[in-house]
Amino acid sequence: MAEIMTLDGVKKSYGGGKSPLVEVLHGIGLQLVEGEFAALLGPSGSGKSTLLNIMGLLETPTAGELHIAGTATAGLDDAARTALRNRYLGFVFQFHHLLPAFSALENVMMPLFAGQGRVTLQDRERAAMLLQRVGLAEHAAKRPVQLSGGQQQRVAIVRALMNRPRLVLADEPTGNLDTQTANEVFALLHELNREDGTTFLIVTHDQRLADGCPRQIRLLDGRLQPDGVVSPAPSASGR
Amino acid sequence: MNFVWTVAWRLLREGRFQTALILAGVSIGVGVIVYITAIVSGLQANIIERTLSTQAHVVLRPADLVNQAPLTVPGSVKLADIAKRTQRENTIANWGSIVARVRGTPNVSAVAAMASGPGVAQQGGVRKSIVLMGVDLDDYRQVVRLDNKLKAGRLLLPTGTALIGKELAADLGLQPGGRLRLQTATGGSQSMTVGAILDFGLKDLNKRWVLLPLREAQNLLGFQRDVTEIYIKSERLFEAESLAANLALATGLTADSWQTSNGQLVTALKSQSASSLMIRVFVTFAVALGIASVLVVSVVQRQREIGILRAMGTPASRILAVFLLQGGLVGLFGSLFGSLLGAAMSVGISRLALTEDGSPLFPVVLDGELFVTTALIATLVGVLAALLPALRAARLDPVEAIRG
Ligand SMILES: Nc1ncnc2c1ncn2[C@@H]1O[C@H](COP(=O)(O)OP(=O)(O)O)[C@@H](O)[C@H]1O
Ligand SMILES: [Mg+2]
């Protein structure tokens, strides 16, 4: 199976200069294969968001290599990284991060709109179709503030799918939702993975949700734990 | 649907209060500029028109007679100071061909020859010193407007008639149809009928100027067929100086433009223009700073949204364009409102401030060109003012926004 993303010896340090240099990621090696549905687990502060931002080309690693769909990303300028991000990757954030000035439908179209500079009628239809798929057809014209938390996150999820990305990176997509809604959102992600074959990497520290994922990747203090080793993290896994 | 336009428009619409504030600032600034420009150009046009209502744009006179040093060539080193000698009665003899030549010069719209000289008007024992101005009335009226100066009588100048100023008419107790005797130092003397009484706009002119047929003035002044001046009206008022220079070269006569004849006025107008320009420049700066500061605040406030847009894959250049466009739109719409405001203010003041005779004290000139240039400049200034905030927005690190 084709690898969509490969990390090799990725390190990330913050600070330097006046503030002390802190290494947050200590050499991450990781491969994501197309069609995978993986959970990234780890306690707060272990470096999950940092890793995801690096994979999403929002931050550059201090050392190591990152390939997206076979393309090396080291030394690319901002425009090239932006283009790669726009073409291959979709994002779901912990806070929905919808744009308040735009309707649900416009928010869904945004990745395409932003990348191409314009949208066609077909693009609009695709966005409407995506909203319909998550049961929000009649909310298309509403602004984010007019939607519930679960509805907002569902809009954010289909927004991540607008550009038909090869890999969707989701940083605690259910972190702000009640259990019931969180379950529904996870079910939706599973469904999208099964039906479209889109690869998902989902950060969570909810062991119960992670248990439903075929692959679990664990991060502890900036190091990946070998697959199968249960994290000794204090976070109670409510089973 | 275009991304840059849509996002720029949406951000402006969403930031209601800020947008209203910035638009108000631009409108007031543009309003002041339009107002000042309209008032100043109206005032200047009015002053120039009043001044030129009795003057030609260019006047040709006989060349000064000087004692030429034999070696003096124009443009060469001056070997000696040449004193002007006493100017005897100096006239233009071959004026017919000169007038024809001047008429054929580009930028000349009318030409009138005049034979003028000092004289005395006499009526019922009262003697007044006057200036005799012999003209062909049809030619002269092409150069200097008379119909608006007519107080009584008719604007016709057959042999034996004279048109006189209203002060002279009052001094001599004359009405149209009355008679007066004109005399000159050379012994000429002739009785004339008053054809019309004119108001030249200045008391001094109204006391002295007497228009009479060219032929009779020549006889009275003893010029035979000569004239003393050639009056020229130019098609382009503000090119009178270069026209005068050209005509001086072409005819060998002395040519004075209205600017040379009214040096003080021209200086006053120039310094007025300069101070109005300075006000406009400073207001433009203030407006630009206003736009820039409001946009900087807007960039800071929208940091998160900009970060999200960047994380979605918006190129930095597109973010830059969004904010530049916002500046441009604010400049454009502000200038439209401001133009209306300025036009309303200037029309208002010209209605309110009136001179004694009921004509506006500040006549305004509102031409379309002013509005078009103002809109263009305001748009450009808006874009330039947005440059710094836009660069700031484009350089925002998306990570900061989404970690928040
Ligand atoms: N910009 C930054 N500067 C300095 N330290 C940072 C920065 N971003 C994250 N960190 C640190 O890196 C560590 C990992 O953070 P993060 O990746 O957000 O963890 P997680 O998402 O697993 O909670 C934390 O200790 C955090 O304080
Ligand atoms: Mg995190």
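Chain letters run A, B, ... following the sequence lines, proteins first, then strands; residues in each count from 1. Hydrogens, waters and symmetry mates play no part in the numbers below; they use all other heavy atoms, side chains included.
Residues A:Asp78 and B:Arg310 meet the side-chain proximity criterion, which asks for heavy atoms closer than 4.5 Å. The shortest side-chain heavy-atom distance between B:Ile308 and A:Phe91 does not fall under the 4.5 Å cut-off.
Environment of CD in A:Glu138: crowded, with over 12 heavy atoms of neighbouring residues, nucleotides or ligands closer than 6.0 Å. For CD of A:Gln132, the number of neighbouring non-hydrogen atoms (other residues, nucleotides, ligands) closer than 6.0 Å is 12 at most. In B:Gln272, the CD atom is crowded: over 12 heavy atoms of neighbouring residues, nucleotides or ligands sit closer than 6.0 Å. The number of heavy atoms from other shown groups lying within 6.0 Å of CZ (B:Phe285) does not exceed 12.
By number of non-hydrogen pairs under 4.5 angstrom with chain B, the leading residue of A:Gly90, A:Ser49, A:Pro100, A:Ala83 is A:Pro100. Top candidate by heavy-atom pairs under 4.5 Å with chain B, chosen from A:Arg118, A:Arg81, A:Arg87, is A:Arg118. With chain B as partner, the option from A:Leu112, A:Thr50, A:Asp171 having the largest number of non-hydrogen pairs under 4.5 angstrom is A:Thr50.
To the nearest 0.5 Å, atoms CG (B:Asp397) and CG (A:Leu58) are separated by 8.0 Å. Between the CE atom in A:Met110 and the OG1 atom in B:Thr314 there is a gap of 7.5 Å [rounded to 0.5 Å]. To the nearest 0.5 Å, the span separating CE on B:Met312 from CG on A:Leu89 amounts to 10.5 Å. Summarising the geometry, atom CZ belonging to B:Arg304 is positioned 9.5 Å from atom CG belonging to A:Leu99; distances are rounded to the nearest 0.5 Å.
At a 4.5 Å heavy-atom cutoff, the contact between B:Pro315 and chain A is made by backbone and side-chain atoms alike. In this structure, the portion of A:Gln116 lying under 4.5 Å from any heavy atom of chain B is its backbone and not its side chain. At a 4.5 Å heavy-atom cutoff, the contact between A:Arg124 and chain B is made by side-chain atoms alone. Looking at A:Ala79, neither its backbone nor its side chain comes within 4.5 Å of chain B, counting heavy atoms on both sides. With a 4.5 Å cut-off on non-hydrogen atoms, B:Glu14 touches chain A through its side chain but not through its backbone.
Between B:Thr6 and A:Phe113 the shortest heavy-atom distance is OG1-CZ, 3.6 Å. Contact between B:Phe3 and A:Ala114 at its shortest, heavy atoms only, is CE1-CA, 3.6 Å.
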